[in-house]
Each structure stands twice: as structure tokens, then as C-alpha cells.
There are 2 protein chains.
Amino acid sequence: MPYDPSAFPPFAVTVDLVVLTVQRHALCALAVRRGEPPYQGRWALPGGFVRGDEDLATAAARELAEETGLHAHDPAGPAPVNAAHLEQLATYGDPKRDPRMRVVSVAHLALAPDLPAPRAGGDARSVRWAPVEDLLDQEDGYGRDGELTAPLAFDHARILADGVERARSKIEYSSLATAFCPQEFTVGELRRVYEAVWGVALDPRNFHRKVTGTPGFLVPTGGTTTRQGGRPAQLFRAGGATLLNPPMLRPEA
Amino acid sequence: MPYDPSAFPPFAVTVDLVVLTVQRHALCALAVRRGEPPYQGRWALPGGFVRGDEDLATAAARELAEETGLHAHDPAGPAPVNAAHLEQLATYGDPKRDPRMRVVSVAHLALAPDLPAPRAGGDARSVRWAPVEDLLDQEDGYGRDGELTAPLAFDHARILADGVERARSKIEYSSLATAFCPQEFTVGELRRVYEAVWGVALDPRNFHRKVTGTPGFLVPTGGTTTRQGGRPAQLFRAGGATLLNPPMLRPEA
DNA sequence: ATCATAGTCGTCTGCTTGACGATAAACAGG
DNA sequence: CCTGTTTATCGTCAAGCAGACGACTATGAT
């Protein structure tokens, strides 16, 4: 068939971000409050249009930096100070997903360590970390605290659920859970990440044996810390290994 | 920021298909020969523009049917006769990936059993199954057989490689390998699928123990066949289980 | 001094895997 | 008919890993 510019319809292309972190033993996602219709006043995932000369990954990294101050951490190369893992998640293109026009959104998944401050780009009250459980469980209605009582805008609940599921399954067979930790961390901190993401309790002794026994997963830095209380714990850095073999098994139950 | 139609650039959105099957012990992909520039005469993945009122999965299923006569098999619901597994793979949007204009392509992965005939939509010689190894190993140059000597058009080599890697890893922990088999198949046929996709030899006895011992993976139909020669083998159908736990381990080496 | 908290090292038991022997049931060819 | 070849299927054994859990260590809090 010949190449004819009128033969295909124009689309707007956006990137939406599922940014996850672990706060106070809970898996949390970044949400922004919408300032205009549609879904005005509702919470949504951060995101924006892809520019005309921009790659998809670049657009996602730009939005991430604008929203959080985090820099995407390319697996190769040294990690910057405020580094986050960033990967493409999936693409959503239902013709009716945006009532205004045809929008195809390329969702990305970002994993970040617990940040000192939410660092809103603009209005501080319009962006927040919220437990993913709260964001996904919302039914249409009024809540007692007057916050977060409506489901996420657009199809963002589905996108968030897909992102959470990706994170849950990927930490099973990769070292991705370290992306939730600061540069140096203890085995216990890493375990609490797994527990928060999976929503289960893990045996500290078996977990310790597993992660320290997997070659290339963790490298000791030599230091220790007592920031979690109790006996001082060894500090580790993420090793070069990206694939866990055999994987860390998620308890069924 | 206000909603302004001029604030974002228009994109063309396409779907590209990585359609895989197993033929004569080799993992093969569907390739079409391009009739027009750019990359005229080169092989490429099948694909096309997403229509204005069409979902991405719908567009992929339509292209798949046009190109192969296969119908996408939604995990829920009964499998049609010519059923193929279809899932979204990833999205490619480098600004320079198509020299004509800005095109974002949502690649999909389809897995099909060995088909009686390639069933080209148009010109029979312009579409063919080719071993993925051949398609990916192509260097720029001339081959002895005068065929398939150039790399795939656009960034399709990368897309194909990503699709193959997805298939290779996904059959480890899911029952997806059955998508390469006809409705009824033997343990040996399923093993040959794994061997072709992974490019390794598996021990028939251990493989048999593993797949027949995993509850919900295979259900016996009662029949037997000798179509592979040798002793008659039991026929099975794919069971309801989609996740293999524990997974089938891919030999390292 | 005592307790609570977290971290780390071991032990034991059962399951899974990988290597491989042995048997069974078909077909091909002499 | 007999024999070799091919494929399927069952069994055995040892090594490795995971889950359950006891024991001990090193901190800070009371």
C-alpha cells in the first residue's frame, strides 16, 4: 500500500509514571491531583506529552525529574545521587480512555528509595505519596478524612495495578528490590522492602541466608549501622548481578 | 497547564507483530518483504497503522488475522480453531526510527502452533517463516542463497530480539509453551518446543516427570498417537494453570 | 542489671532437580 | 518372525535448596 499521510489518524502520545517507593513498611505510589477537567480534583499518575524530538525513555525520565527530582538510572554507568530505576511498563490506547481526544499512553515504572521530601514541582499539596492499597481500593464515594476517596483518573488504577504487579514479580527473580534501598543498606532493610512489596512476613534467618549466599547480589562495604536499632548490621551495596538464580520465592498463602 | 491542541505534536501509531512458531525443531518468526521505500525489498515484521477507533489489542489481532489467518485467543473464553496467543510486548518510539515521520510502534508478541500453510494475505512470496537465528544474525551483505541477507528493516531486529527473549523467559514460569502446540499434543512434542525455543537439549525423563507432576499444567485426553514414531504417546490438552510453580528451569551453559 | 530489639549462624527435614538405568510399545528391514 | 531403532514412561539415587526453628550476639532503653 502506498504511503499516504491522510491514511492514518493522528494520535497524542503521553508517558505516565508509576513511581513506587517504600515508606513506613508500606508500598507507596506517587499521585498528583488534577487541576483541570476531565477528572478535575481527582488523583492521577504523573505524566505528560512526549515532545516531538524526544524518545519515550527520555520523556519518562524528564517527567520523573520534573515531578520528583529523581534522575533515571541507566543500568550501565554509575548511579547518580538521586537515582531511580526506570523501565517501560506497558502502553494503553483504548480509544475512550481520554474523553478529549485519542491519546496513547506509554506507562513507565520507576522505583525509588524512600525520599527525604516529596519535592513537588509546583504546588506541594498537589502531589503526594499514597499507599498503593489506598489508591487501588478506592470506591466512588466520600471518605472520613476527606482525602483520596475517588478512584484514580482515567485508566490509571489499571496502570498502577499493572505496575505494582510488575514490581512484585520482578523482585522475585532480579535484584530490583535494591532500587528501593539507599546506596548502602542492611539485609534487614532489604527484607523489609520485600515484605512491604509483597505484603507478607519473611523469616529473617532464611532471608539472610538466601541473599548473602547468592553470589554477586550483595557486596559488603565494611561498615555497620544501628539505624534500625538492635545489634549493628553489616552494610551492603548492590552487586553486579541483576538476575537471581534460583529466584527468591514469594510465599503463596 | 491548559489543554491546548497545539501544545503537543501529532504521532502516527502502529502495531508491529512478532509472530513465533516452531518448525522443524527451529524457532521461526513471520517476516514480510517490504514493497516500498524506505527499506524497499528488505524483510520486516508484519504490522500496520492503528485505526482511529481501534484499541491497540484489536489492531494487533486484526493485523495478525490479515497476515496469517490466525485469531487471537483471549485467555478467557474458548479457543477458536486457529488460535494464537497474543500479548503486548513493548513500545518503540525513537524519533528517528522511521525516516518519514514520527511513528510510535506498539509491538505485540504472538505465539502460534505450526501452521499447515503460511496463508499470505496477498503475495505468497512476500511473506514467510524464517528461523529467528537467521533473521537476527544477518549482517549487511550478500548470502549464497540470495535470500534474507540484509538485517530487518527499521528497528525490527531489536523488536524481534525482545520478543524472542520474552518468549524464552516466559515459558520458564508459565504454561505459554502450549501455545506453540496444537490443541492435543504429547509430552515429547511439548519438550521439543522447549528445546527449540531455548536451543538446548532436555532430558526426556526429567521433563516428563516435571510436566506431568505439575498440577493443572496438562490434562490427559485419553487418546494416544504415534505421529512422532516409536512407542505410542499419551495425548494431553493444556490445563487451566497458567503459572508454573516451581518454574521450569532453563539450563544455563 | 535487665529487657527488648535486631542481626547472624546452625541444624534438621522434606522436596526438587539432574544424571542415568531399565522397561515398554510401536515401526522398518531382513 | 526376529532384530534393531525410535520414542515413551517409570524408577533410583545423590546433591542442593527451602522452610521451620533453636541459639547466640551486640546494641539501646529502662
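In the text below, chain A, chain B and the rest are named by the order of the sequence lines, each starting its count at 1.
Residue A:Val187 places its side chain closer to C:dT8 than to any other of C:dT8, C:dT16, D:dA8. Side chain of B:Leu249, nearest nucleotide from C:dT17, D:dC17, D:dT9: C:dT17.
In this entry the distance linking CG of B:Leu218 with C1' of D:dT9 reads 14 Å, nearest Å. Here C:dG7 presents its P atom at 13 Å from CZ of A:Phe185, a figure rounded to the nearest Å. The interatomic distance linking B:Asn245 (CG) with C:dC15 (P) rounds to 16 Å, in whole Å. Here C:dT8 presents its P atom at 11 Å from CD of A:Glu189, a figure rounded to the nearest Å. In this structure, B:Arg227 atom CZ and D:dA8 atom P are separated by 11 Å, rounded to whole Å. A straight line from CD of A:Gln234 to P of C:dA6 spans 18 Å, rounded to a whole angstrom. Counting to the nearest Å, the C1' atom of C:dA6 and the CZ atom of A:Phe207 are 14 Å from each other. One interatomic measurement links the two molecules: CG of B:Asp203 to C1' of D:dC10, which rounds to 13 Å at whole-angstrom precision.
Between A:Gly230 and A:Pro204, the residue whose closest nucleotide on DNA chain C is further toward the 5' end is A:Gly230.
For the atom pair A:Phe217 CZ and A:Met248 CE, the distance stands at 5.5 Å (nearest 0.5 Å).
Under a 3.5 Å cut-off, the side chain of A:Thr21 and the backbone N or O of A:Pro113 do form a donor-acceptor pair.
Ion pairing between A:Asp162 and A:Arg166 fails under the 4.0 Å rule for side-chain N and carboxylate O.
Annotation: B:Arg227, atom CZ; neighbour count of heavy atoms from other residues, nucleotides and ligands within 6.0 Å is above 12.
A:Phe207 has its ring centre less than 6.0 Å from the ring centre of A:Tyr194.
B:Arg192 comes within 4.0 angstrom of the backbone, heavy atoms only, and of no base. A:Arg191 comes within 4.0 angstrom of the backbone, heavy atoms only, and of no base.
Screening B:Val164, B:Leu152, B:Asp16, B:Leu17 for a side chain to side chain contact (heavy atoms under 4.5 Å, CB included) involving B:Ile159 leaves a single residue, B:Asp16.
Within the 4.0 Å cut-off from OP1 or OP2 of C:dT17, at least one side-chain nitrogen or oxygen of B:Lys210 is found. Put simply, A:His208 has no side-chain N or O that comes within less than 4.0 Å of OP1 or OP2 on C:dG7.
Residues passing the ring-ring contact (aromatic ring centres under 6.0 Å, His included) test with A:His108, sequence neighbours excluded: none.
In terms of polar N and O atoms assigned as donor or acceptor, the side chain of B:Arg231 comes within less than 3.5 Å of the base of D:dA8 in a complementary pairing.
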Polar atom pairs between nucleotides 11-16 of chain D and protein, under 3.5 Å, N or O only, would you list them?
none

